[in-house]
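Side chains are part of it too, since the values below use all heavy atoms of this structure and drop only hydrogens, waters and symmetry mates.
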Amino acid sequence: MPHLLIAGAIHESGIELIKTRTDFTYTYLPENDDLSYRKLIKDADALVIRTQPLSRADILSAQNLKVVSRHGVGY
């Protein structure tokens, strides 16, 4: 089953929507630093990330990763 990793706080309505889904699992880290999501990225198929850096090493360690979404607005 696909696994979604959410690194950083997102609106509660988004989490409530995710909770209704049964076709994937997820890990939600509302308060995190760079290291807290890095140890979990290896199991992720998809990553929603806020302002944390995403390095080449992070991407290479995530062999299942297919999608990265930088959540937010602006540049």
Side-chain angles (χ1 to χ4, degrees):
M1 182 172 293
H3 188 73
L4 169 63
L5 175 58
I6 305 166
I10 65 173
H11 195 275
E12 184 62 32
S13 63
I15 294 300
E16 290 304 316
L17 180 63
I18 288 169
K19 287 179 180 178
T20 67
R21 302 292 299 266
T22 60
D23 55 331
F24 62 87
T25 59
Y26 72 95
T27 301
Y28 180 40
L29 302 171
E31 302 295 328
N32 72 82
D33 57 32
D34 298 346
L35 299 177
S36 65
Y37 86 88
R38 285 183 168 156
K39 59 188 169 192
L40 300 172
I41 196 171
K42 64 180 176 53
D43 299 319
D45 294 284
L47 172 65
V48 174
I49 193 167
R50 299 287 312 253
T51 59
Q52 301 84 353
L54 181 62
S55 71
R56 182 176 197 271
D58 294 331
I59 293 170
L60 291 174
S61 73
Q63 295 184 5
N64 297 330
L65 194 63
K66 297 165 187 69
V67 176
V68 174
S69 175
R70 173 110 17 213
H71 177 71
V73 298
Y75 298 49

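Asp43 is not listed as a side-chain neighbour of Thr27, based on a closest heavy-atom distance of 4.5 Å or more. Side chains of Leu29 and Leu5 form a contact here, defined as non-hydrogen atoms less than 4.5 Å apart. Annotation: side chain of Ser55 is in contact with side chain of Arg38 (closest heavy-atom distance under 4.5 Å).
Between atom NZ of residue Lys19 and atom OH of residue Tyr28 there is a gap of 9.5 Å, rounded to the nearest 0.5 Å. For the atom pair NE2 (His11) and CG (Leu17), the distance works out to 12.5 Å, reported to the nearest 0.5 Å. One distance of note links CG of Leu60 with NZ of Lys42; it measures 15.5 Å at 0.5 Å rounding.
Put simply, the side chain of Tyr37 never gets that close to the backbone of Leu47: no donor and acceptor are under 3.5 Å apart. Judged by distance alone, with hydrogens and angles left aside, the side-chain atoms of Asn64 form no donor-acceptor pair with the main-chain N or O of Asp45 at under 3.5 Å. Side-chain atoms of Arg50 come within 3.5 Å of backbone atoms of Ala9 as a donor-acceptor pair (strictly under, hydrogens ignored).
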Kindly indicate, with the supporting measurements, whether the criterion side-chain contact (heavy atoms from CB on, under 4.5 Å) is fulfilled by Leu54 and Ile41. CA-CA 10 Å; Leu54 181 62; Ile41 196 171; 3.9 Å; yes
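Annotation for Leu65 and Val67: closest pair CD1-O, 3.6 Å, computed over non-hydrogen atoms. Across Met1 and Thr25, no two heavy atoms sit closer than the pair SD-CG2, 3.8 Å.
With a 6.0 Å radius and a threshold of 12 heavy atoms from other residues, nucleotides or ligands, Glu16 has its CD atom above the threshold.
By the rule that hydrophobic residues join a cluster once side-chain heavy atoms approach within less than 4.5 Å of another member, Val48 and Phe24 end up as members of one cluster. The hydrophobic clustering, which links ILVMFWY residues whose side-chain heavy atoms are closer than 4.5 Å, places Val68 and Leu4 apart.
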